There are 2 protein chains.
Amino acid sequence: MIATLAALAEPNRLRIVELLRDGPRAVGEISERLALRQPQVSKHLAHLKGAGLVAVRPVAQQRVYQLRAEPFAELAAWTERYRALWAERFDELDAVVDDLKRREKKKKGEPTR
Amino acid sequence: MIATLAALAEPNRLRIVELLRDGPRAVGEISERLALRQPQVSKHLAHLKGAGLVAVRPVAQQRVYQLRAEPFAELAAWTERYRALWAERFDELDAVVDDLKRREKKKKGEPTR
DNA sequence: GGAGAATATGTCTGTCAAGGAATATATGGG
DNA sequence: CCCATATATTCCTTGACAGACATATTCTCC
């Protein structure tokens, strides 16, 4: 999860992923289309591969990269858990009040930690 | 999008978000529950706020942080665009072949870029 | 208005990652 | 085998950021 997020959190890497969404691409073509220098593309692809976001397949002397489904499925599943957010949001004020009360009672000389 | 991903890509920040999923929390309580030092929590919350992931609400001298729905909705929407990935995946080989052929014809002295 | 609690901010340090340029490694063709 | 193409790897410099610690700010209450 963290690996997936970290891999996607870099602008050029996200552009690469968006491009690969339309289908597999060789390094040179990614470099062309996104106007990035080839070594950078290779490095970003290595990063994406390390995070499990892409798979490689050699074709002659080219390497064709392609998105892997799993991480995106996991990300979708993770995000789903937050769907409740854009629904009811107000019954939780009670919880806050409870928390404050509980913390009030616990008031002791706890170090700042 | 990038801001959202970058904010979530840090382990402790993700833990904070996961905690806030259960409802709003004051800084001190986050610090307690996650065993993080208070200044770090404040900084992470500042980061999350800068990315628009949380909103603050003062309650006495406490600051109660709470998740905002929009970024999560956007993330869910973005992820949805990749749902096609865990479906058909093989008709794209044709596209690759086409690409290779096209690149073959274009073969000229283009700088390495 | 002063004390204490809750939170924010500043400084320092170490680490990590990205971009640039050069170079190494494969791969196919004549 | 040597050359050209495609890609990967290395070295360097620079900037961002997380953690630790100390300190400032803000609020409440007496």
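Please read these numbers as outputs of a predicted model, since none were measured by experiment. Below, chains carry the letters A, B, ... as their sequence lines are ordered, and counting in each starts from 1.
Scanning for side chain to side chain contact (heavy atoms under 4.5 Å, CB included) contacts around A:Ile2 gives B:Pro11, B:Leu14, with sequence neighbours left out. Partners of A:Glu80 according to the salt bridge (charged side-chain N to carboxylate O under 4.0 Å, His left out) rule, which considers only residues two or more places apart in sequence or in another chain, are A:Arg83. Looking at residues two or more places apart in sequence or on another chain, you find a side chain to side chain contact (heavy atoms under 4.5 Å, CB included) between A:Thr79 and A:Leu75, B:Leu75, B:Ala76, B:Thr79. Here A:Ala60 pairs with nothing under the side chain to side chain contact (heavy atoms under 4.5 Å, CB included) rule; sequence neighbours left out. Residues satisfying the salt bridge (charged side-chain N to carboxylate O under 4.0 Å, His left out) criterion with A:Arg81, sequence neighbours excluded, are B:Glu18. The salt bridge (charged side-chain N to carboxylate O under 4.0 Å, His left out) check on B:Glu70 picks up B:Arg68, with sequence neighbours excluded. B:Ala51 is linked by a side chain to side chain contact (heavy atoms under 4.5 Å, CB included) to B:Ala3, B:Ala7, B:Leu53, counting only residues two or more places apart in sequence or in another chain.
Counting distance only, with no hydrogens placed and no angle test, the side-chain atoms of B:Gln40 and the base atoms of D:dA20 include a donor-acceptor pair under 3.5 Å. A donor-acceptor contact under 3.5 angstrom links the side-chain atoms of A:Gln38 to the base of D:dA8.
At the phosphate of C:dA6, neither OP1 nor OP2 sits under 4.0 Å from any side-chain N or O atom of B:Arg63. For B:Tyr65, a side-chain nitrogen or oxygen approaches OP1 or OP2 of C:dA8 to under 4.0 Å.
The stretch residues 43-55 of chain A touches DNA chain C through A:Lys43, A:His44, A:His47, each having a heavy atom within less than 4.0 Å of the strand. Contacts with DNA chain D (heavy atom under 4.0 Å) in residues 7-14 of chain B: B:Glu10, B:Asn12, B:Arg13, listed by number.
Residue pairs meeting the ring pair (Phe, Tyr, Trp, His ring centres under 6.0 Å) criterion with at least one partner in residues 35-77 of chain B, sequence neighbours excluded, are A:Tyr82-B:Phe72. Pairs passing the salt bridge (Lys or Arg N to Asp or Glu O under 4.0 Å) check and including a residue from residues 46-55 of chain B, sequence neighbours excluded, do not occur.
Taking atom CG on B:Leu36 and atom P on D:dA18, their separation rounds to 12 Å, with Å as the unit. Put simply, CZ on A:Arg57 is 13 Å from P on D:dT7, counting in whole angstrom units. For B:Arg37 and D:dA22, the CZ to P distance is 11 Å, given to the nearest whole Å. C:dA18 atom P lies 11 Å from atom CD1 of B:Ile2, rounded to whole Å. When the P atom of C:dT27 is taken as reference, atom CD of A:Gln61 falls 9 Å away, rounded to whole Å. Distance CZ (A:Arg15) to P (C:dA18): 15 Å, rounded to an integer number of Å.
Nearest to the side-chain atoms of A:Pro39 among the listed nucleotides C:dG4, D:dA8, C:dT7 stands D:dA8.
Bending across the helix from C:dG1-D:dC30 to C:dG30-D:dC1, expressed as the angle between its end axes from five pairs apiece, amounts to 20° (10° rounding).
Here the side chain of A:Arg15 pairs a donor or acceptor atom with the backbone of A:Leu34 at under 3.5 angstrom. No donor-acceptor distance shorter than 3.5 angstrom exists from the side chain of A:Thr4 to the backbone of A:Pro71, with no hydrogens or angles considered.
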